[in-house]
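Because the structure is predicted, anything quoted here is derived from the model rather than measured. Excluded from the calculations below are hydrogen atoms, water molecules and symmetry mates; all remaining heavy atoms, backbone and side chain alike, are included.
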There are 2 protein chains.
Amino acid sequence: MGARASHYQNLTDLPQGKSRDIYIELQKAILSHSLLPGVKLSEDEVGELFGASRTIVRTALQALAHSQLVTIEKNRGAFIAQPSVKEAQEVFEARELIEPRVAGMAAKIITPKDIEILQNHIKAEHDAIAAGDKGEALSLSGFFHVIIADIAEHDVFSKIVRSLISRSSLIIALYWKRLDTTCESHSHHALLDAFAENDVQAAEKIMKSHIVDLHSGLDLKSRSQSKQSLATILNK
Amino acid sequence: MGARASHYQNLTDLPQGKSRDIYIELQKAILSHSLLPGVKLSEDEVGELFGASRTIVRTALQALAHSQLVTIEKNRGAFIAQPSVKEAQEVFEARELIEPRVAGMAAKIITPKDIEILQNHIKAEHDAIAAGDKGEALSLSGFFHVIIADIAEHDVFSKIVRSLISRSSLIIALYWKRLDTTCESHSHHALLDAFAENDVQAAEKIMKSHIVDLHSGLDLKSRSQSKQSLATILNK
DNA sequence: CAATTCTATATTGTATACAATCTTTAATCA
DNA sequence: TGATTAAAGATTGTATACAATATAGAATTG
């Protein structure tokens, strides 16, 4: 649990403070699909919810915009980003190039403790699925990839991977067609086996096919959409 | 000329306005090594220079911080970033993975007009070297890679490449040891030949070895300068 | 004289007031 | 009625005043 929270935190380079808190909270809501693409984030409303002035809120929203989780339209405001079909393709193409390499690097230097963390993470995924908490399960399965990037101890790749995975979450919200998410867990298990044996090549290969598989789970013709009030969504 | 300006502009997702102008100007100064790593960017000073309020300046500085060209320290201010040795290694490792792929993609779809643009760019590089304008030459040789990313028409990779090249400029300012920069031009020429023949594999290979070569031009033991204050630069 | 504490100054952090712009609603005209 | 225009309201953009913090210099102490 503590591990998960820290992964959220490390996603921004904002200095500590209220802006950072707001960034993290909003991000959490976006990655768990509580906030869906297209939803407007009004400065007053967000400020009201978090007890912060607009100055602070704007800092957080601009940071989210830099992370491409939010789009800011001049004189119109901030909205949860809606990645285009082309962007969706590109994000997964990038993941197909970068993440196998990262997985290979992780396999090289992974420790038993790291493996335990990943095992616990997979368990948490299973629990979320069992509990029917789809948003949480999805969020966790994304963070699985982030943990691997952290294990690889390569800050540059790690940051890129985090960004790509965040954007993947939005892409999945818009274009995911498969209803069975359980198939993913299989890949994660297989990856763990490769890690346990420090098998670099196997890790690369499994990660590659895993991402190709995720990519193929997208329906890049239709997109889904819905609108809700921000206050309702954040339970505040 | 116009092409070069547009490449600066496309480096940020800031909305049009004064913040964007400041971002672009500061970035230009950083990439041409007019502003060196460690230099402080005081909000008042920058605001004075550009005739803008601190609100606007802060937006620009925060954007630069997110691009990792600037580091913001709480209650201390913004400084031109000073990449560590580890970060320098990682940036070039990332470039070695990503840029060859991008060069291959560009080779596949490049047009005669694109090739002409690249040729003109190389000529501008030569002119800058001939004129002894080292900063300009360096900046241009970086943008050569950005243009290739644009030709590949892959926004996600393009953005990553832009970021890596910006950071490379800081890294070169801190760790470059070679005194002859002319050798680079050769690689750029060779790349152009591969592009002209739409030779994907050759483009990948040349780009890879070009970046490995750049990487080997770094002295990752000693850094050329540590913190420079604005006072030092102004001889006060 | 060196080291330390204290004070004054300068700089950044935040809230807020006002301006500019967009959005919605009401009114007008064909 | 339907479309167009005009006014009112709401929202974002920007400047600025004040608060919090860090920095530099002076005073103090051993």
Side-chain angles (χ1 to χ4, degrees), chain A residues 12-26 35 38-82 227-234 236, chain B residues 12-26 35 38-66 69-82 226-236:
Chain A
T12 177
D13 48 6
L14 240 42
Q16 281 186 329
K18 243 174 208 169
S19 290
R20 189 180 223 259
D21 295 343
I22 294 174
Y23 180 104
I24 291 168
E25 280 297 311
L26 288 177
L35 282 171
V39 171
K40 167 146 192 189
L41 299 173
S42 146
E43 294 179 358
D44 279 330
E45 201 174 356
V46 174
E48 192 74 26
L49 285 169
F50 290 93
S53 77
R54 281 181 53 219
T55 307
I56 304 300
V57 173
R58 281 174 76 86
T59 301
L61 292 178
Q62 282 167 0
L64 284 163
H66 288 137
S67 303
Q68 309 207 245
L69 292 180
V70 153
T71 305
I72 294 177
E73 293 174 40
K74 181 155 174 136
N75 288 318
R76 292 205 54 238
F79 304 83
I80 308 295
Q82 299 181 280
K227 283 192 177 178
Q228 272 180 298
S229 109
L230 184 56
T232 310
I233 292 166
L234 294 178
K236 284 217 172 183
Chain B
T12 177
D13 49 5
L14 240 42
Q16 282 186 328
K18 243 173 210 173
S19 290
R20 189 180 223 258
D21 295 343
I22 294 174
Y23 180 104
I24 292 167
E25 281 298 311
L26 287 179
L35 283 171
V39 170
K40 167 148 194 190
L41 300 171
S42 145
E43 295 180 357
D44 280 329
E45 201 174 355
V46 175
E48 192 74 26
L49 280 169
F50 290 94
S53 77
R54 281 180 53 219
T55 306
I56 304 300
V57 173
R58 281 174 75 86
T59 301
L61 291 178
Q62 282 167 1
L64 284 164
H66 191 271
L69 292 180
V70 152
T71 305
I72 294 177
E73 292 174 40
K74 181 157 172 132
N75 286 319
R76 292 206 53 237
F79 304 83
I80 309 296
Q82 305 185 91
S226 56
K227 277 197 179 177
Q228 270 207 9
S229 69
L230 191 57
T232 309
I233 291 169
L234 298 177
N235 284 328
K236 280 192 176 177

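Side-chain contact check for K18(B) versus F50(B): every heavy-atom pair is 4.5 Å or farther apart.
Pairs of residues two or more places apart, or lying in two chains, that qualify as salt bridge (charged side-chain N to carboxylate O under 4.0 Å, His left out) and include a residue from residues 49-66 of chain A are E43(A)-R54(A), E43(A)-R58(A).
The side chain to side chain contact (heavy atoms under 4.5 Å, CB included) test applied to H66(A) returns D13(B), L14(B), A63(B), H66(B), not counting sequence neighbours. By the side chain to side chain contact (heavy atoms under 4.5 Å, CB included) test, A78(A) is found to be paired with L41(A), L61(A), V70(A), I72(A), residues two or more places apart in sequence or in another chain being considered. Residues forming a side chain to side chain contact (heavy atoms under 4.5 Å, CB included) with T59(A) (at least two apart in sequence, or on another chain): S19(A), Q62(B). Residues passing the side chain to side chain contact (heavy atoms under 4.5 Å, CB included) test with E48(B): none are found, sequence neighbours excluded.
Protein chain B contacts DNA chain C from dT11(C) to dT14(C), reading 5' to 3' and using non-hydrogen atoms of the protein with a distance under 4.0 Å.
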At a cut-off of 3.5 Å, list every protein nitrogen or oxygen paired with a nitrogen or oxygen from nucleotides 7-12 of chain D, distance to 0.1 Å.
residue: dT12(D); atom: OP2; partner: E43(A); partner atom: N; Å: 3.4

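In this structure, CD1 in I24(B) is found 10.0 Å from CG in L64(B), a value given to the nearest 0.5 Å.
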